[in-house]
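Read through the structure below, which is laid out as structure tokens, and then see the notes.
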Amino acid sequence: MVDHVTAGPRADPARPGSGLRALVVEDEPELAGLVASYLQRDGFEVAVVHDGQQAVDLAREVDPDVVVLDLGLPGLDGVEVCRRLRTFSDAYVVMLTARTDEVDTLIGLSVGADDYLTKPFSPRELVARIQAMLRRPRPIGSDREADAARVFGELAIDVAGRDVWLEGRTIALTRTEFDLLATLAQRPGMAFSRRQLIDAVWGPNWVGDEHLVDVHVGHLRHKLGDSATEGRYVRTVRGVGYRMGRGT
Ligand code: CA
């Protein structure tokens, strides 16, 4: 069963988040309803499903901007849902887990979620994290110089348009992957620590395992034609973190 939460009059018409779609995938109806109501209050159009297969089907239909995804679901679990989602969607995915140690396992699995929250969590914090991420379409500010296209060898990044080309072909990045790349590209010579990258991409209030950055860098490197452990464009700086390379 699919519950479409009816959108009432918008509580805060000044909020710029209007028109954003969220999909809540959670088999505990009470929790699903709670998360949905917080998101709805925040201006999201919300759909709720209670199992994994419905989540994948509905995501194809509604093309959500945000997916809140429980790990433990009947049928397809959250890991498999996330893998399938990633074949067609760059939605911002927040995974809900029952135990802290599950997060480490998930980070190891590289399922492609953007963020993780351990139950019990505050729905207010969940919405704050989502809003922080969505408010950050340009992690490097909005001045004209920052918006200019940046070129690193065969790699071109159009920050304002959020497009990336490698050897003349468009590369499909998730929101998180793009923001990481754009942040690094902002200061090409500079080594960023994992914490600096988390502050820039996930926001300063993000709390969790900083190796989440490594997982997303691994995905990014793959898409840029490199191995997960070292890249021509996203270089490892030992003992520090990452910096942008020239592609050679
Ligand atoms: Ca569950």
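By convention here, the first residue in the shown sequence is residue 1. No experiment lies behind these values; they were computed from the predicted model shown.
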Discussion item. Check whether F88 forms a cation-pi arrangement with R60 (NZ or CZ under 6.0 Å from the six-membered ring centre, at most 45° off the ring normal).
Written reply: yes

Worksheet item: With the threshold set at 4.0 Å, does a side-chain nitrogen-carboxylate oxygen contact exist between D158 and R150?
Response: no

Worksheet entry | Criterion salt bridge (Lys or Arg N to Asp or Glu O under 4.0 Å) on E61 and R21, from CA distance to verdict | CA-CA 11 Å; E61 216 176 283; R21 289 181 297 276; over 6 Å; no

Worksheet item: Can S227 and T229 be counted as having a side-chain donor-acceptor contact under 3.5 angstrom?
Response: yes

Worksheet item: Are R246 and E154 close enough for a salt bridge, meaning some N to O gap below 4.0 Å?
Response: no

Discussion item. Holding to salt bridge (Lys or Arg N to Asp or Glu O under 4.0 Å), I want the full list of residues that pass it with D65, two or more places apart in sequence or in another chain.
Written reply: none

Fill in: Electrostatic pair D199-R195, nearest N-O below 4.0 angstrom
yes

Fill in: Distance in Å, D114 CG paired with L69 CG, rounded so as to fall on 0.5 Å steps
11.0 Å

Practice prompt. Sequence neighbours left out, what passes side-chain contact (heavy atoms from CB on, under 4.5 Å) with R221? Give chain and number order.
Written response: V217, D226, E230, V234, T236, Y242

Worksheet item: Looking at R194 and D209, does any basic side-chain N land under 4.0 Å from a carboxylate oxygen?
Response: no

Discussion item. Could you work out, with salt bridge (Lys or Arg N to Asp or Glu O under 4.0 Å) as the rule, every residue matching R124, not counting sequence neighbours?
Written reply: none

Worksheet item: How are the rings of H216 and H219 set to each other: parallel, tilted or perpendicular (split at 30° and 60°)?
Response: perpendicular

